[in-house]
> 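A single structure is presented below for examination.
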Amino acid sequence: MAETKKSSSSKSSSSSSSSKKSSFWGLNKIAFYTIAAVAILYLVSLILSACGVSSVAVMALQNIGTAIMVGIAAYLAWKYVRPKQTVWKVLYFVLLLVILAGIIVPLVLG
């Protein structure tokens, strides 16, 4: 009887761990496909730059890649910060403003 109980508990723990592995949009999968998409954007911008295409198109592709990465990181960071205290939320928004300023100000000045 104890052996039956032990085998059923090991089956339930293995089935719950396998259900976590089969998640369609797991964090690891999102990170991988984001890196792949941004790498393709940077590769295209590299090829365009080597071919002498205008730097506006190259910079636009690089900025799109940066925006994708910042957007996904910001979303995941918000999921982390949302249940925390207000201080964490304020810090989150301050950091986002600094990142946006770091992206936008060089574009305006340049």
Side-chain angles (χ1 to χ4, degrees):
M1 180 158 207
E3 207 168 301
T4 307
K5 191 174 185 180
K6 183 179 177 183
S7 66
S8 66
S9 68
S10 67
K11 284 181 184 178
S12 65
S13 66
S14 67
S15 66
S16 67
S17 66
S18 67
S19 67
K20 289 181 183 178
K21 290 180 182 177
S22 66
S23 172
F24 183 72
W25 286 108
L27 185 59
N28 296 337
K29 188 179 279 191
I30 291 171
F32 175 77
Y33 284 116
T34 301
I35 292 294
V38 172
I40 290 170
L41 283 174
Y42 279 117
L43 182 63
V44 169
S45 70
L46 176 71
I47 292 170
L48 290 175
S49 177
C51 292
V53 176
S54 71
S55 64
V56 174
V58 172
M59 288 300 292
L61 286 173
Q62 290 175 346
N63 290 335
I64 290 170
T66 302
I68 290 171
M69 288 194 295
V70 167
I72 290 176
Y75 173 73
L76 295 173
W78 177 250
K79 285 177 65 173
Y80 172 73
V81 168
R82 185 178 20 181
K84 297 205 175 282
Q85 298 172 343
T86 305
V87 173
W88 284 92
K89 293 174 185 175
V90 170
L91 178 63
Y92 170 81
F93 286 114
V94 167
L95 292 173
L96 273 184
L97 288 174
V98 169
I99 290 170
L100 288 175
I103 293 171
I104 293 173
V105 169
L107 292 175
V108 172
L109 296 177

> Identify, with sequence neighbours excluded, every residue that meets side-chain contact (heavy atoms from CB on, under 4.5 Å) alongside I47.
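Counting only residues at least two positions away or on another chain, I47 forms a side-chain contact (heavy atoms from CB on, under 4.5 Å) with L43, C51.
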> Starting from L95 and following side-chain heavy-atom contacts under 4.5 Å between hydrophobic residues (I, L, V, M, F, W, Y), which residues can be reached?
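Besides L95, the cluster holds L91.
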> According to side-chain hydrogen bond (donor to acceptor under 3.5 Å, both in side chains), does anything in residues 94-107 pair up with another residue at least two apart or in another chain? List the pairs.
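Those involving residues 94-107 do not exist here.
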> Name all pairs fulfilling the side-chain hydrogen bond (donor to acceptor under 3.5 Å, both in side chains) condition that reach into residues 56-75, sequence neighbours left out, sorted by first residue then second.
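Qualifying pairs, neighbours excluded: Y42-T66.
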> Using side-chain contact (heavy atoms from CB on, under 4.5 Å) as the criterion, list what pairs up with A57, not counting sequence neighbours.
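Checked A57 against side-chain contact (heavy atoms from CB on, under 4.5 Å); matches are V53, S54.
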> Checking L41 now: which residues fulfil side-chain contact (heavy atoms from CB on, under 4.5 Å) with it, not counting sequence neighbours?
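side-chain contact (heavy atoms from CB on, under 4.5 Å) list for L41, sorted by chain: L61, I64, I68.
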> How is the hydrophobic cluster of W88 composed, in terms of its other members, when Ile, Leu, Val, Met, Phe, Trp and Tyr link through side-chain heavy atoms under 4.5 Å apart, directly or indirectly?
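In the cluster with W88 are W78, Y80, V81, Y92, F93, L96.
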> Treating K89 as the side-chain partner and R82 as the backbone partner, does any N or O pair qualify as donor plus acceptor under 3.5 Å?
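Flag set: sc K89 to bb R82 pair under 3.5 Å.
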> By ring-ring contact (aromatic ring centres under 6.0 Å, His included), which residues pair with Y33, not counting sequence neighbours?
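For Y33 there are no ring-ring contact (aromatic ring centres under 6.0 Å, His included) partners, ignoring immediate neighbours.
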> Look at the side-chain heavy atoms of Ile, Leu, Val, Met, Phe, Trp and Tyr, link any pair under 4.5 Å apart, and say whether V56 and L48 land in one connected group.
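As far as the 4.5 Å side-chain criterion goes, L48 and V56 are not connected within one cluster.
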> Under 3.5 Å, which donor-acceptor pairs link side chains of residues 102-109 to any protein atom two or more places apart or in another chain?
none

